[in-house]
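Naming convention: chains lettered A, B, ... in sequence-line order (proteins, then strands); numbering from 1 in each chain.
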2 protein chains.
Amino acid sequence: MIELTIRETADFLLNRDHFLILCHRNPDGDTLGSGYALRNALRALGKQAQLICNDLPGRKFSYLFPTEELKSHTDARIETVVSVDVADCNLLGSALSVYQNRIDLAIDHHRSHRPFAPFALVDKNAAANCEIIYRLLLEMKAEITKELADFLYAGIMTDTGCFCYRNVTPATHRIAADLIALGADFGEINHQLFEVISQRELLLQKKVLEDLTYHCGGKVAMITITLDLLHKTKVSESELDGITALPRKIEGVEIGIVIKQRGEEEYKISMRSSGLIDVSKICEKFQGGGHVGAAGCTLYGDLDSVKERLLYAVEEVF
Amino acid sequence: MIELTIRETADFLLNRDHFLILCHRNPDGDTLGSGYALRNALRALGKQAQLICNDLPGRKFSYLFPTEELKSHTDARIETVVSVDVADCNLLGSALSVYQNRIDLAIDHHRSHRPFAPFALVDKNAAANCEIIYRLLLEMKAEITKELADFLYAGIMTDTGCFCYRNVTPATHRIAADLIALGADFGEINHQLFEVISQRELLLQKKVLEDLTYHCGGKVAMITITLDLLHKTKVSESELDGITALPRKIEGVEIGIVIKQRGEEEYKISMRSSGLIDVSKICEKFQGGGHVGAAGCTLYGDLDSVKERLLYAVEEVF
């Protein structure tokens, strides 16, 4: 793999045509923002460019990203295949696996990036891949319209949790400033992508709160998401991020535990700690593992016995 | 009132000493961030400066703002009184009302600023007062230490809802970039001020979700916060922002209604709309008022009859 600079990548793209751009499966705002911005910029520069993805984006993205053509491409003369925000070619998904060995250029920001293309533009310090795309479009002298600014802002906002995550750098904010100056409708994007919550999600949240329990004098909080609950509320796996982050946000809680049912008598446990307690030690007792602040394991049996064994192991560390 | 420029304000401060800085009552991150940053910068420049406030900050602020001296000052020779983030001198609170006519300089960013000091530095385009303080400290050539960067970042984050509110400008992000480069511990500040939720607040949230109702085919969502509920959960008025914003975040909801009990048979209603429906028209029917997207009124009677009259008026507009 040859690592390109921003300037070299700009030349690489300016010298080619008939682009096919690939997003990662289960697309988020950053891969979509990167893909749509790069595709539209290339088109504005007079080139043929199409964008495809293994899955259609979730409902909340539809207001920003038109999804008409994402499932297949119509250009018989594809010459250049570019992946955006794809850390590993396995993350393209089955429908795009046919391109795994045909990717010419990977543009990515993941620390876990595993090289799969002959050329790559990888900046592991970028909080979002859209930061890289923004700098690339400037280098290509592409016009960054309001529409492109919206795409790029949405990507940055997604991967930084509205500028809250610890991956944010001064450069992230400086690019956000530029994008807002270019017309990015940040208020509406924030509302649509972050604020809006469905009736189904609220119902799930209510049920989970009813079941929340505290242990070890409030130092442990535990919630359970059963298959029955997901079925009844019609909430999908991809909509669970908010609720699964809840236990460790509670004041005084040192270990947050989420129990997710996987099968009749199979439960996936994820533990998060504030860093004071090494939760990987607890999960190792059940053949699981992870890091000091985040670990997981799988337990089998009925729910009551799973909770009992888990809490016994947790109580031992206090 | 004489409006000063940033440069003139810098000179005004550099030429004086023995400062008393006043925050507004029920202090938030922006008035505290402004006050602590200005106080410590003046001290670093060799001046006497103290900071006072009518109320001690809420629990979540304590990790960032040491509150030892906020209730009174110990300088017998106060020469210069400066208010920060105070839109109206009535907002100083009763304990500070003695200073109402002694304020020499008001530094504020509220669009609703009502002049009360002979000199003022008011920038109504600043999303947070801390943006103005940051520019002022640069102009005064004060050293912006990591501690000052933390204070200023906390203020900006508070008044912009983590850069989500529509008051954000490119300048807001550029200042945030500078503050992070100066060492602001944004990850921890975001966690402490925004993420942490108390067991009491969660309990209230659960109770309110149990009571949430939808009307007009899901276009209206309504929650009720009774005095009994606040009493039982021990949640204070100042901790209600999150929950009262909920109804209008629900997908498909055009009017979010929050009913807050004020007395035995007195209920304060606040309505928020997505802008499609003018809620001030509805509130006017009950001698209330407001704007297209946000309005309020007060209804008297038992809760059931209040809800009935309210919903009757709301249904009329659909």
Side-chain angles (χ1 to χ4, degrees), chain A residues 59-60 153 156-157 160-182 184-212 214 218 221 245-253 274, chain B residues 59-60 153 156-157 160-182 184-212 214 218 221 245-253 274:
Chain A
R59 176 189 41 76
K60 67 177 179 179
Y153 181 91
I156 291 174
M157 200 205 57
T160 62
C162 279
F163 306 95
C164 282
Y165 299 163
R166 288 168 204 257
N167 59 357
V168 168
T169 68
T172 315
H173 278 289
R174 296 212 167 96
I175 293 173
D178 288 355
L179 294 173
I180 291 174
L182 289 162
D185 192 359
F186 63 96
E188 188 63 15
I189 295 171
N190 281 318
H191 176 69
Q192 296 282 353
L193 296 194
F194 265 71
E195 278 199 346
V196 172
I197 182 164
S198 68
Q199 291 193 20
R200 295 172 293 104
E201 288 169 280
L202 262 187
L203 182 61
L204 180 104
Q205 197 170 315
K206 182 178 102 174
K207 298 281 184 194
V208 168
L209 282 179
E210 281 165 8
D211 171 73
L212 172 88
Y214 297 102
L246 178 68
R248 69 196 163 102
K249 289 183 185 170
I250 303 169
E251 189 183 9
V253 166
S274 57
Chain B
R59 176 190 42 75
K60 67 177 179 180
Y153 181 90
I156 291 174
M157 201 206 56
T160 62
C162 279
F163 306 95
C164 283
Y165 301 161
R166 289 168 204 259
N167 59 357
V168 168
T169 68
T172 314
H173 279 288
R174 296 211 167 97
I175 292 173
D178 289 355
L179 294 172
I180 291 173
L182 289 162
D185 191 0
F186 62 97
E188 188 63 14
I189 295 171
N190 281 319
H191 176 70
Q192 296 281 353
L193 297 194
F194 265 72
E195 277 199 347
V196 173
I197 182 164
S198 68
Q199 291 193 21
R200 295 172 294 102
E201 287 168 280
L202 262 187
L203 181 62
L204 180 104
Q205 198 170 315
K206 182 178 101 175
K207 298 279 184 197
V208 167
L209 281 179
E210 280 165 8
D211 171 73
L212 172 88
Y214 297 102
L246 178 69
R248 69 194 163 102
K249 290 182 185 171
I250 304 169
E251 188 183 11
V253 166
S274 57

### Query
Can you list the residues that meet the salt bridge (Lys or Arg N to Asp or Glu O under 4.0 Å) rule with B:Arg174, with sequence neighbours excluded?
A:Asp178
### Query
Can you find a pair of side-chain heavy atoms, one from B:Leu246 and one from A:Leu202, that are under 4.5 Å apart?
yes
### Query
Side chain, backbone, both or neither: which part of B:Tyr214 has an atom under 4.5 Å from a heavy atom of chain A?
side chain
### Summary
Turns out that what part of B:Ile175 lies under 4.5 Å from chain A's heavy atoms comes down to neither
### Message
If I take atom CZ from residue A:Arg200 and atom CD from residue B:Glu251, how far apart are they, to the nearest 0.5 angstrom?
### Response
7.0 Å
### Message
How long is the straight-line distance from NE2 of B:His191 back to CZ of A:Arg166, given to the nearest 0.5 Å?
### Response
7.5 Å
### Task
Mind checking the CG-CD spacing from B:Leu212 to A:Gln199? Nearest 0.5 Å is all I need.
8.0 Å
### Task
State the NZ-CD distance between A:Lys207 and B:Glu210, to the nearest 0.5 angstrom.
9.0 Å
### Query
Is chain B contacted by the side chain of A:Glu188, its backbone, both, or neither, given a heavy-atom distance below 4.5 Å?
both
### Task
Name the member of B:Glu195, B:Arg248, B:Lys60 that forms the most heavy-atom pairs with chain A at distances under 4.5 Å.
B:Glu195
### Task
Against chain B, work out which of A:Ile197, A:Ile180, A:Val196 has the most heavy-atom pairs shorter than 4.5 Å and name it.
A:Ile197
### Where B:Tyr165 and A:Phe186 come nearest, the two heavy atoms and their spacing
O-CE1, 3.1 Å
## Note on the structure
If one checks every heavy atom of B:Phe163 against chain A at 4.5 Å, the contacting part turns out to be both
#### Entry: Pairing residues for A:Asp185 by the salt bridge (Lys or Arg N to Asp or Glu O under 4.0 Å) criterion, not counting sequence neighbours
none
### Query
Given that the side chain runs from C-beta out, which part of B:Val253 has a heavy atom under 4.5 Å from chain A: side chain, backbone, both or neither?
neither
### Message
Does the plane of the ring in A:His173 sit parallel, tilted or perpendicular to the ring in B:His173? Use 30° and 60° as the thresholds.
### Response
tilted
### Message
Minimum heavy-atom separation for B:Ala177 and A:Pro170, please, with both atom names.
### Response
CB-O, 3.3 Å
